[in-house]
Amino acid sequence: MTVSTYFQPASVPEALALLGEHGPDLLVIAGGTVAMPLINEGISLPRLVMGLRRTGLDGIERTDDTLRIGAMTTLTALADQAHSPLLADAARRTASWAVRNMATVGGNLFTPPPGGDVATALLALDAAVELTGPDGTRAIPIGAFWTGFLGTALAPDELLTAITVPLATGADAFRKFGRRAANTPAVVTVAVHLGTQGGSVADARIALGAVGPHPVRARAAEAALSGSPLTAETIANAAAAATDDADPFTDAVASEWYRRRMVGVIVERVLSGLAAQPGRDA
Ligand SMILES: Cc1cc2nc3c(=O)[nH]c(=O)nc-3n(C[C@H](O)[C@H](O)[C@H](O)COP(=O)(O)OP(=O)(O)OC[C@H]3O[C@@H](n4cnc5c(N)ncnc54)[C@H](O)[C@@H]3O)c2cc1C
């Protein structure tokens, strides 16, 4: 069966009403870069499709200490903003120009691994996601958004409407390692936020992408850094711990073994790069 109806609601309330009316029979799409290939190849066969392009959910707003990113903001717009260099970097390293012009930040959170490069950066930045349903909007930490492979905390009658990012002080770094330099799926993606105090790491957030069912925090690696100066020894300990934090898989891009090896290598490179930054307080 092919798509019989394509809805283009002009607001979030209109979109929620359609979702309430049609329930699971209605496929929600954002930029369509994940959903449309599945439809075109006959893997997904929805009768009813709802595009969110006209709901007004795009745009990036900055307050003093927070960035609010509408779920329908394209990866091109995220790459072009100057408020968060980490997010701009992550967006630029996702897919190709053509895909980034369509793909949305919200959609990146739903992408099966090894996708989710921007989602990995958002996890390192301790973002929160806003989920809106008939009873209003709730915000949850992005780490609680993923519940398993392709599983999310989004209720059937809700839409992901925005992502908020605290603009904390500290140092950030993003590194996506793939088999080519650009436009490549990740073997592993690493995003790091480090806060330091008195020469020691006070707040470490290390997020890993493409090495588990969804982006994950490398908690053992973070613990290995916490309270210590960023030296070659603590970096090596954190990189070794990160290989245990990962839960990699084998696919056409890389084997489980290679992915796990590269977690340690890339975490070590990213942390060493941060340690070498001039003027860093550590
Ligand atoms: C050639 C190619 C290369 C790619 N390379 C990369 C890459 O390097 N890195 C990477 O991370 N990704 C990559 N991707 C995957 C994809 O382009 C991105 O993850 C993109 O951000 C997905 O966003 P989208 O808006 O297109 O999602 P869509 O396809 O529109 O959405 C997929 C599903 O997510 C859900 N969804 C999306 N938005 C919402 C919302 N606001 N509310 C409720 N549900 C929603 C819906 O169920 C929807 O069907 C690539 C894709 C292609 C085709």
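Every number for a ligand or one of its atoms is a count from 1 in the order of the listing.
Formation of a donor-acceptor pair under 3.5 Å by the Lys176 side chain with backbone atoms of Ala191 is not found in this model. A donor-acceptor pair under 3.5 Å links the side-chain atoms of Ser4 to the main chain of Arg47, judged by distance alone. When atom types are taken as modelled, the side chain of Thr196 and the backbone of Gly199 share no donor-acceptor pair closer than 3.5 angstrom. Checked by atom type and distance alone, the side chain of Glu41 never pairs as donor or acceptor with a backbone atom of Ile43 at under 3.5 Å. Within the 3.5 Å criterion, the main-chain N or O of Thr63 finds no donor-acceptor partner in the side chain of Thr66. Side-chain atoms of Thr76 come within 3.5 Å of backbone atoms of Arg100 as a donor-acceptor pair (strictly under, hydrogens ignored).
By the definition of a contact as any protein heavy atom under 4.0 Å away, atom 14 (N) of ligand 1 is not in contact.
One option in Ala121, Gly116, Ala182, Ala103 has a heavy atom closer to atom 11 (O) of ligand 1 than any other, and that option is Gly116. Of the options Ala30, Ala119, Pro215, the smallest heavy-atom separation from atom 31 (O) of ligand 1 is shown by Ala30. Nearest residue to atom 48 (C) of ligand 1 from Ile29, Val49, Leu57, Val28 is Val28 (criterion: closest heavy atom).
Distances shorter than 4.0 angstrom do not occur between any heavy atom of Pro37 and any atom of ligand 1. Look at Thr184 and you'll find a heavy atom under 4.0 Å from some atom of ligand 1. Ligand 1 is approached by Gly32 to a heavy-atom distance shorter than 4.0 Å.
The protein heavy-atom contact nearest to atom 9 (N) of ligand 1 is Asp117 OD2, 2.6 Å. In this structure, atom 27 (O) of ligand 1 lies nearest to the protein heavy atom Gly107 CA, 3.6 Å. Of the protein's non-hydrogen atoms, Val34 CB, 4.0 Å is the one closest to atom 32 (C) of ligand 1. Nearest protein heavy-atom contact of atom 42 (N) of ligand 1 is Leu160 N, 3.0 Å. Looking only at heavy atoms of the protein, atom 51 (C) of ligand 1 is closest to Val99 CG1, 4.1 Å. Here the protein heavy atom with the shortest distance to atom 21 (O) of ligand 1 is Thr104 O, 2.9 Å.
Where the criterion is an N or O separation shorter than 3.5 Å, residue side chain and backbone included, Phe110 fails it with respect to ligand 1. Not one N or O of Leu75 is nearer than 3.5 Å to an N or O of ligand 1, by distance alone. When only interatomic distances are considered, the shortest N/O to N/O separation between Thr33 and ligand 1 falls below 3.5 Å. Between Glu158 and ligand 1, no N or O atom pair is found at a separation short of 3.5 Å. For a threshold of 3.5 Å applied to N or O pairs, the pair formed by Gly31 and ligand 1 contains at least one separation below that value.
Close approach to Ala95 involves these atoms of ligand 1, each under 4.0 Å from a residue heavy atom: 3 (C), 4 (C), 5 (N), 6 (C), 7 (C), 8 (O). For ligand 1, the atoms closer than 4.0 angstrom to any heavy atom of Lys176 are 7 (C), 8 (O), 9 (N). Near Thr111, meaning under 4.0 Å from any of its heavy atoms, are these atoms of ligand 1: 15 (C), 18 (C), 19 (O), 22 (C). Within ligand 1, counting atoms from 1 as listed, the ones closer than 4.0 Å to a heavy atom of Ala35 are 29 (O), 49 (O). The ligand atoms of ligand 1 that sit less than 4.0 angstrom from a heavy atom of Leu52 are 40 (C), 41 (N).
Using the six-membered ring where Trp is involved, Trp146 and His214 have ring planes that are parallel, under 30° apart on the 30 and 60° scheme.
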Salt bridge (charged side-chain N to carboxylate O under 4.0 Å, His left out) assessment of Arg205 paired with Glu222: CA-CA 6 Å; Arg205 293 197 295 267; Glu222 293 171 359; over 6 Å; no

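Contact of the Val3 side chain with the Leu48 side chain is not registered, since no non-hydrogen atoms from C-beta on lie closer than 4.5 Å. Counting heavy atoms from C-beta on, the side chains of Leu109 and Leu122 come closer than 4.5 Å.
Counting all heavy atoms, side chain and backbone alike, Ala91 lies closest to Ala79 at CB-N, 3.7 Å.
Residues Asp247 and Arg259 are not paired through a salt bridge, judged by the lack of any N-O separation under 4.0 Å between the basic side chain and the carboxylate.
How far CD of Glu256 is from CZ of Arg261: 14.0 Å, rounded to the nearest 0.5 Å.
Between Phe249 and Phe149, the ring center distance fails the sub-6.0 Å criterion.
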